[in-house]
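Here is the structure we will look at, set down as structure tokens.
Counting starts at 1 for both ligands and their atoms, in listed order. In what follows, every heavy atom counts, from backbone to side chain, and hydrogens, waters and symmetry copies are set aside.
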Amino acid sequence: MTSLSLVIPFFNEKESLPELIGQLYAAMNDPELHNLFDAPFSFEIILVDDGSTDGSMDLAHTLCASNSELRLISFQRNFGKTAALTAGFLAAEGKAVCTLDADLQDDPASIRPLAAKLFEGYDLVSGWKKKRMDPPGKTIPSKFFNAVTRIFTGIPIHDFNCGIKMYRREVIKRIELHGDMHRYIPVIAGWNGFRITELPVNHRPRRYGSTKFGTARFLAGLFDFLAVLFITRYFRRPMHFFGMAGLISFLSGFSISLYVTLEKVLNLKPVSNRPILFLGILLIILGAQLFSTGLLGEMLSTSAQGGNRYTVKETNNLSEKQEATIRRQ
Ligand code: UDP
Ligand code: MG
């Protein structure tokens, strides 16, 4: 069995690739890394070409011809980093799997410490770009984003979107990624019950090419954050979300209407010509709608396939068939 799979998504990184491969091979030659795994140590480097148009793919083919550990998956067009990681994860055969960016910003020398940390008893070790070598236009919003994600998800790490991460095989075979959700892999893994930690890693400035994510990253990140929050927290119990919002809205509307009615009954003010009455009516209707949306969501999530998703930790004495059935969802 392969000990370690390195998964490297790339999109137009022609200048960086040869140097990266050299550095990766140097890192894989480290006897201390080998000691962390059962002998004999073996590795594979899965390059995922996310629709490059700068000749990176041809270069990768040439590199594959002279290095038997290299594998290449090449996409028809640019599908995004999440899709590239998904393909790499499906192909990975290693007991441990490490992702790295292809632009030389992640240092392959971090692979060994990350693996050492993983085998201390974690399922995912996320890199932490403690001293980040990127322009402030990127680092400041990112700090904010990380803080919000940490608070909302309760997952105590500082750098959710770090390119370099080390996983146990079980994690990458388990998690499902959509949209641009590579940013939230630790969140998804955390909600599946995997043990997560972080380790500061060396981060380097980008030397060649330019960043592949413009300012659109922030909006995409926001929507994916909402989706992740919903999927991990409320997917199985939509009523908790809609029900609460519905209840608040309904009760506020009800109180307003009651107040207006009482004033009328006590002959203080007539009901007509009171704008607040409309707010009351609006909130009551909105509340009822939210409530029924929650109910519908609840019905859908219980009847839909996969509505009851779980993650198995261990089993005992199950037949192969049983095993396959419970794990196939
Ligand atoms: N990448 C990719 N597909 C894309 C965008 C980026 O495979 O659509 C790769 C890119 O080549 C790099 C990694 O994802 O290896 C991180 O991208 P980048 O360095 O541009 O992100 P940043 O460091 O600016 O956050
Ligand atoms: Mg980069």
* Any side-chain heavy-atom pair of Val7 and Cys98 under 4.5 Å -> no

* Structure fact -> Exactly one of Arg169, Lys173, Lys117, Arg195 clears salt bridge (Lys or Arg N to Asp or Glu O under 4.0 Å) with Asp123, and that residue is Arg195

* Asked: When you measure from atom 25 (O) of ligand 1 to every protein heavy atom, which one gives the shortest distance, and what is it?
  -> Arg217 NH1, 3.6 Å

* **Atom indices of ligand 1, in the order listed, that fall short of 4.0 Å to a heavy atom of Phe10** => 7 (O), 11 (O)

* Asked: Just wondering, is there an N, O or S atom on Asp134 that's nearer than 2.8 Å to the Mg ion (ligand 2)?
  -> no

* Asked: Any N/O/S atom of Thr211 sitting less than 2.8 Å from the Mg ion (ligand 2), backbone or side chain?
  -> no

* **Pro9 N/O under 3.5 Å from ligand 1 N/O** => yes

* If you measure every N/O of Gln105 against every N/O of ligand 1, is any gap under 3.5 Å? -> yes

* To do: Please confirm whether Tyr122 and Phe194 have ring centers closer than 6.0 angstrom.
  => no

* Asked: Nearest protein heavy-atom contact for atom 15 (O) of ligand 1: which residue, which atom, what distance?
  -> Ala102 N, 2.8 Å

* Asked: Does Gly80 come within less than 4.0 angstrom of ligand 1, counting non-hydrogen atoms of the residue?
  -> yes

* Structure fact -> So CZ of Arg206 and CZ of Arg204: to nearest 0.5 Å the spacing works out to 12.5 Å

* Asked: When you measure from the Mg ion (ligand 2) to each N, O or S atom of Asp103, which atom gives the shortest distance?
  -> OD2

* To do: Indicate whether any N or O donor in one side chain lies under 3.5 Å from an N or O acceptor in the other, for Asp107 and Ser110.
  => no

* If you count the atoms of ligand 1 from 1 in the order shown, which ones are under 4.0 Å from a heavy atom of Asp50? -> 2 (C), 3 (N), 4 (C), 7 (O), 8 (O)

* **For Arg206, the ligand 1 atoms whose distance to one of its heavy atoms is below 4.0 Å** => 18 (P), 19 (O), 20 (O)

* Which residue from Lys212, Lys138, Glu13, Arg132 reaches closest to atom 22 (P) of ligand 1 through any of its heavy atoms? -> Lys138

* Do Ile8 and Asp101 come within less than 4.5 Å of each other through their side chains, counting heavy atoms only? -> no

* To do: May I ask you to check whether Phe43 and Tyr25 place their ring centers less than 6.0 Å from one another?
  => yes

* Quick check: does Asn78 get an N/O under 3.5 Å from an N/O on ligand 1? -> yes

* Asked: Are the side chain of Asn12 and the backbone N or O of Thr53 linked by a donor-acceptor pair below 3.5 Å?
  -> yes

* Thr211 contact mode with ligand 1 (heavy-atom cut-off under 4.0 Å) -> both

* Report yes or no: do Ser5 and Glu44 form a side-chain donor-acceptor pair below 3.5 Å? => yes

* **Hydrophobic cluster membership, Met166 vs Ile164, 4.5 Å side-chain cutoff** => yes

* Asp103-ligand 1 polar pair, N/O distance under 3.5 Å -> yes

* To do: Starting from atom 21 (O) of ligand 1, find the nearest protein heavy-atom neighbour and note its residue, name and distance.
  => Phe213 CD1, 3.5 Å

* Asked: Quick one: are Glu32 and Arg112 in side-chain contact, heavy atoms under 4.5 Å?
  -> yes

* **Nearest-contact summary for atom 1 (N) of ligand 1 - protein heavy atom, Å** => Phe11 CB, 3.9 Å

* Tell me, which protein residue and heavy-atom name are nearest atom 14 (O) of ligand 1, and how many Å apart are they? -> Lys81 CD, 3.4 Å

